[in-house]
Amino acid sequence: MPEEEILKQRIDKLMRLRAEEGFDPFRNDRWDRKQTLEEINRIYGSLEADCHAEGVEVVTAGRLMTIRRHGKASFATMEDETSRIQLYFQLDATGEKAYNFFRKWVDTGDILGVVGTPFRTRRGELTLQVTSYSLLSKALRPLPEKWHGLKDTEIRYRQRYVDLIANPEVRETFRKRSIIVKTFREVLERHGTMEVETPILSPLAGGANARPFITFHNALGVNLYLRIATELYLKRLIVGMLGRVYEIGKNFRNEGIDIMHNPEFTAMEVYWAYANYQDMMDLTEEILVACADALGSRKVTYQGTEISFEPPFRRATMVDLVKEYCGVDIESVTSDEEARKIGKAKGLEITGKETRFGILTELFENFVEEKLIQPTFVLGHPVEVSPLAKRNYDAPDYTNRFELFIYGKEVANAFSELNDPLDQRERFTEQLRKKTEGDEEAHVFDEDFVQALEYGLPPTGGLGIGIDRLTMFLTDSRSIRDVILFPTMKPKS
RNA sequence: GAGUCGUUAGCUCAGCUGGCAGAGCACCGGACUUUUAAUCCGGGUGUCGAGGGUUCGAAUCCCUCACGACUCACCA
């Protein structure tokens, strides 16, 4: 039957229900639920087979997922946000009127409020013997098939509500995501960090190397950008003496979509005055371990590979890792020319403009990243690729920075913040030069940010963690779309 | 942006070298007072993603387009 036909039939049934019974299933505006199905399962789980909890009456509610009608007695499976339970409707227990109403008017997908007595059937299933019930809302569209669930990715992502109804494990994934975000807040608050909100719309999109979305403000008559990072505003707040701040929110990057990237994604950024990147490494470890613990285990299986969140995570410099995985010791390379030759021999595409630090980064990205399966802190990125990080004063070509890799993917990025306004101005100038050379992702020059630094930014440690990716690893989700409730989709024309 | 694969009933899927569009679940009608993928009897409900072409004949072959998944590129 075409879906529109089923819909028509159900609407017709709704009209008849209103006319024949004088009952509108949408009239109820509340149901005084006393127990969730999880609570009922827990409390009455020890009932023995063929035993009733005499004199007990529970009041609960949920969606009917399946109905098995058999004459003067019927079974149904009801599900709520916590669990599921079997319902037993029996003519003798509900009375004839209520039983016939159930037979005639109640469909799968409907939302029911139920009053009943727990018992265990002869076959051993905990069940509610329904004594009375109320039809709280009606489903006019059919549920996906009960056995196979809903698999069609397009419907799952476009109509997530159907996915959530049909696939309880999807609900579980998003519950875990919520626990992860909550754990972030708990750890940060424990360290006296204040949650703030900075602009999503702003005249400049800085703080990262990425292409922004552009929009237009009618009243101001100007273009505004959706933020690509929260970094520059949060550091202004450290200048402004807020001490320790963090923000959890969406960033927007106008780039490709694949299993690791969605145009809008959630990041947590935190900045601590008087701290450095080492402190941020400890904090990262603390947050990730807390998240793993909150979900039950420090050992998780991701796509068949075991990942251990047991601290301490490995810490290694980019230079050492390139030595280890590529056999290239960049410190013994003294000229850019020599570095380019080595890069070319390793199969890199060479334009002739690369410095030895650029080659180092390329070697790392092409040959090392994918090998870093267990959580690994990679330290000491070149200044060249770190326009906002403080220089390492003992090795001025490198920064006090780290990135955390898990399963070959970047999950966190942190550094001691560059607080020298003169150096920052030079770095922005260098980015501007790259931009004029055609690098669309070079960092914008943010004059106001430099001005903020000129008022004095204390030594500051900053950290960003990609919450979607971390959630993927902790929930064994293959695609970022499986941890974003409503992923970005092309509209159906 | 490029390549590969996919799109058939509400859902999950068959449909062979071109020859009457199918199954299970769901749905509709009936029987049934402990079933649980309930069972039994009856009912097939479709713009085969869209458009065009080849052919006596197209779900099937060809072309274009749309959407999705994956791989690559950019990126976190």
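Convention: sequence-line order gives letters A, B, ...; per-chain numbering from 1. This one's a predicted model, so the numbers in the text were calculated from it and none came from an experiment.
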Short side-chain N/O contact from [X] to OP1 or OP2 of [N], under 4.0 Å:
X	N	answer
A/R141	B/rC27	no
A/R68	B/rU35	no
A/K151	B/rU12	no
A/R10	B/rA26	no
A/S74	B/rU34	no
A/R123	B/rU34	no
A/K8	B/rC28	no
A/R158	B/rC67	no
A/K409	B/rA76	no
A/R469	B/rA76	no

With rounding to whole Å, what would you report as the distance between [N] and [M] at their [atom1] atoms?
N	M	atom1	answer
B/rA14	B/rG49	P	14 Å
B/rC67	B/rG24	C1'	27 Å
B/rG15	B/rA73	P	34 Å

Between [N] atom [atom2] and [X] atom [atom1], what is the distance in whole Å?
X	N	atom1	atom2	value
A/E125	B/rA37	CD	P	9 Å
A/L7	B/rG10	CG	P	12 Å
A/I6	B/rG29	CD1	C1'	16 Å
A/L140	B/rC27	CG	P	14 Å
A/I85	B/rU36	CD1	P	18 Å

On a plain distance test, is the side chain of [X] in donor-acceptor contact with the base of [N] below 3.5 Å?
X	N	value
A/E154	B/rU7	no
A/D258	B/rC74	yes
A/T121	B/rU35	yes

So which nucleotide does B/rA31 pair with, by the Watson-Crick or G-U wobble rule with both distances under 3.5 Å?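 Result: B/rU39.
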Complementary nucleotide of B/rC25, counting Watson-Crick and G-U pairs under 3.5 Å: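 Pairing partner, where one exists within any strand: B/rG10.
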Any Lys/Arg nitrogen of A/D163 or A/R156 sitting under 4.0 Å from an Asp/Glu carboxylate oxygen of the other?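 Answer for the salt bridge query: yes.
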May I ask you to decide whether A/D439 forms a salt bridge with A/R211, counting only side-chain N to carboxylate O separations under 4.0 Å?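 Judged by the 4.0 Å cut-off on N to carboxylate O distance, A/D439 and A/R211 do not form a salt bridge.
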Tell me which nucleotide among B/rU35, B/rU12, B/rG68 gets nearest to the side chain of A/T153.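 Given the options B/rU35, B/rU12, B/rG68, the side chain of A/T153 is closest to B/rG68.
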The single option from A/F313, A/F473, A/F364, A/F377 passing ring-ring contact (aromatic ring centres under 6.0 Å, His included) against A/F405: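 It is A/F364; the other options fail the test.
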Closer to the 5' end of RNA chain B via nearest nucleotide, is it A/I155 or A/A73?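 Counting from the 5' end, the first nearest nucleotide belongs to A/I155.
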